[in-house]
There are 2 protein chains.
Amino acid sequence: MTSRGKYVYGGLESGTGCLSCYLNALCIAEELLPEETLLLSEIVAPPIRLEKRQVLYRQEAPFTSLYVVRTGCLKQETVVESEQLLTAIWLPGSIIGCDTIGLEHYPSTVSALDTATLCELPFERLEAVMQRLPKLRRRLQRTISRSMQQERMSLQRLLSRTAEARMACFLLAVSDCFHRRGYSPTHFRLPVSRNDIGSYLGLTQETVGRTLATYQAQRLLRVTGRDYQLLDLVRLERLASSTGRRQKRP
Amino acid sequence: MTSRGKYVYGGLESGTGCLSCYLNALCIAEELLPEETLLLSEIVAPPIRLEKRQVLYRQEAPFTSLYVVRTGCLKQETVVESEQLLTAIWLPGSIIGCDTIGLEHYPSTVSALDTATLCELPFERLEAVMQRLPKLRRRLQRTISRSMQQERMSLQRLLSRTAEARMACFLLAVSDCFHRRGYSPTHFRLPVSRNDIGSYLGLTQETVGRTLATYQAQRLLRVTGRDYQLLDLVRLERLASSTGRRQKRP
DNA sequence: CGCGAGTTTGAATCGACTCAATATACGTGG
DNA sequence: CCACGTATATTGAGTCGATTCAAACTCGCG
């Protein structure tokens, strides 16, 4: 998070726009007719490329745009009462900035964990298109509602779970996300430090490491650095959906 | 949560509508001109009165309306993978249903914890008014964004806190909410069982009770049943903003 | 090659949980 | 209105899990 800036990436085919985007079915463009999608792609700013540690926007910066993650991984940090929280981890397909619509300033800082590419949706222009395309507005609202409920639930679940169960929840969420974007659900690189995973899950880095070690000993997965290979999704899911504690007898 | 239904409350002055509502400054009506507020009050359905345990809507029921809490207290429960989570506690001034806009069905069940009165905003009609009043749309979006970020942060904070700190966070949030609605911030009835507080905070009922007892011994507050009297907000805030754990030395 | 950030491992402490038993409040029907 | 039964709260003892702290280790990068 040392330098800020938005560097245009020359490598993306820009002429084709949203129509040919591999994320189409997940982006807000979902369910739009081709001619409607074209309308959308006209307002999409040229793709942004961020290098590791580069900042997309800072807390308190004026709100201008939503961003869709095409590739890479970003983190969102919020400072409140001089306490820093890791409030989100963004993977491909996520829409960043939904928590800022209607506000003047971004409530948090978003930065890249490794090289990332994003689509920028200037909100003013998006608003204009939504005026003409109510379907698009509903689509965005649905995305927002879903993520609100999703996030609330996943955090709520974590609250009453042990470290083991929290890690399982986290890894499965990441796996699921990659899966739906067409990547492997069992083998991925997650460029997040143990420390960051810890503050995202409310654990210490030591506990995160130890838990991964335990998993590895049980042949649930293999980790080398930040490269994860899930070996037994079924057992991980069992771990994630139990609280990890002894059953309270009725 | 035994019986369902929406019973019209005869006791609210209905002719005056939003203009005279004591919540005006907090409801989405904020910042609207009088004539605009009138437009809004025309679509507000007659006030709803719910008795203790009555259900406002059930999970999977078709989405029809947003609701504003006028008085009383409600809880939101979500069942996912046969696990029941207490995902929200709604106090006066809250808008219920923001997590459902754009979706077909409510993602959770909301029921009254004691007698409650609510304003119903049928969403179809609200949408029509927002079409004519962009200001109102922005107002609603701002509310949604704010609550998204707020909720995310407060849950995130809880994750890395001890039972003592979690309880302090919770009580202060409630206190703040009542305060902003014009009630006393230090003396209120919170008709939520220890068990429900526990599942909301990710603690057991025993821990909730013990923590309250500890607080009482330290003259931080007085509790009798579900009646709370906060005696030292400053010290409570200190408790809430520290994690409750020993400081890790740098 | 060496430095530093990130990670791993171990030992001791403290906190929250489970379980069980008791006490209190509350609503219902006699 | 009181007595009862159920739901909710309190209290205590023992266990298990996550934290703190310290130290050694590994990897990537200049």
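These numbers come from the heavy atoms of this one structure, side chains and all, not from hydrogens, waters or symmetry mates. Chain letters run A, B, ... following the sequence lines, proteins first and then strands; every chain starts at 1.
Considering only side-chain N and O atoms, B/Thr204 lies nowhere under 4.0 angstrom from the phosphate OP1 or OP2 of C/dA16. Dashed line: the shortest gap from a side-chain N or O of B/Thr207 to OP1 or OP2 of C/dC17 is under 4.0 Å.
Under the rule for a side chain to side chain donor-acceptor pair (under 3.5 Å), B/Ser242 has no partner lying at least two apart in sequence or in another chain. In this view, B/Glu51 and B/Arg49, B/Thr115 satisfy the side chain to side chain donor-acceptor pair (under 3.5 Å) rule, not counting sequence neighbours.
B/Gly202 comes within 4.0 angstrom of sugar-phosphate atoms only, judged by non-hydrogen atoms across all strands, and of no base.
When the nucleotides C/dC17, D/dT19, C/dA16 are ranked by their closest atom to the side chain of A/Arg245, C/dC17 comes out on top. Checking C/dG27, C/dC19, D/dC21 against the side-chain heavy atoms of B/Lys52 singles out C/dG27 as nearest. For B/Leu203, taking side-chain heavy atoms from C-beta onward, the closest of the listed nucleotides C/dC17, D/dA18, C/dC14 is C/dC17.
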What donor-acceptor contacts under 3.5 angstrom involve side-chain atoms of residues 216-228 of chain B, with partners at least two apart or in another chain?
residue, atom, partner, partner atom, Å
B/Gln216, OE1, B/Val223, N, 3.1
B/Asp227, OD1, B/His187, NE2, 3.0
B/Tyr228, OH, B/Arg194, NH1, 3.3

- Note on the structure: A correct 5'-to-3' footprint of nucleotides 7-12 of chain D, with B, S and - meaning base, sugar-phosphate only and no protein heavy atom under 4.0 Å, is -SSSBB
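The salt bridge (charged side-chain N to carboxylate O under 4.0 Å, His left out) contacts involving residues 195-205 of chain A comprise A/Lys75-A/Asp196, where partners must be two or more places apart or lie in separate chains.
When rounded to the nearest whole Å, the span between CG of B/Leu201 and C1' of C/dA16 equals 14 Å. Note: CE (B/Met167) to C1' (C/dG15) measures 16 Å, nearest angstrom. Atom pair A/Leu159:CG and C/dC17:C1' shows a separation of 15 Å (rounding to whole Å applied). Between the CZ atom of A/Arg161 and the P atom of D/dG17 there is a distance of 16 Å, given to the nearest Å. The interatomic distance linking A/Glu164 (CD) with D/dT19 (P) rounds to 13 Å, in whole Å. Atom-to-atom, CZ of A/Arg246 to C1' of D/dT15 comes out at 6 Å; the value is rounded to the nearest Å. B/Asp227 has its CG atom 14 Å from the C1' atom of C/dA25, to the nearest Å. Taking atom OH of residue A/Tyr215 and atom C1' of nucleotide C/dT8, one finds them 18 Å apart after rounding to whole Å.
If you take CG on B/Leu66 and CG on B/Leu118, they are separated by 12.0 Å, rounding to the nearest 0.5 Å.
Side-chain N/O atoms of A/Thr87 and A/Thr78 include a donor and acceptor closer than 3.5 Å. Using modelled atom types, one finds a donor on one side chain and an acceptor on the other under 3.5 Å when comparing B/Glu120 with B/Ser65.
A salt bridge between A/Glu164 and A/Arg210 is absent, with no side-chain N of the basic residue lying under 4.0 Å from a carboxylate O of the acidic one.
Five base pairs at each end of the helix from C/dC1-D/dG30 to C/dG30-D/dC1 define two local axes, and these are offset by 40° (rounded to 10°).
Contact of the A/Thr117 side chain with the A/Ile48 side chain is not registered, since no non-hydrogen atoms from C-beta on lie closer than 4.5 Å.
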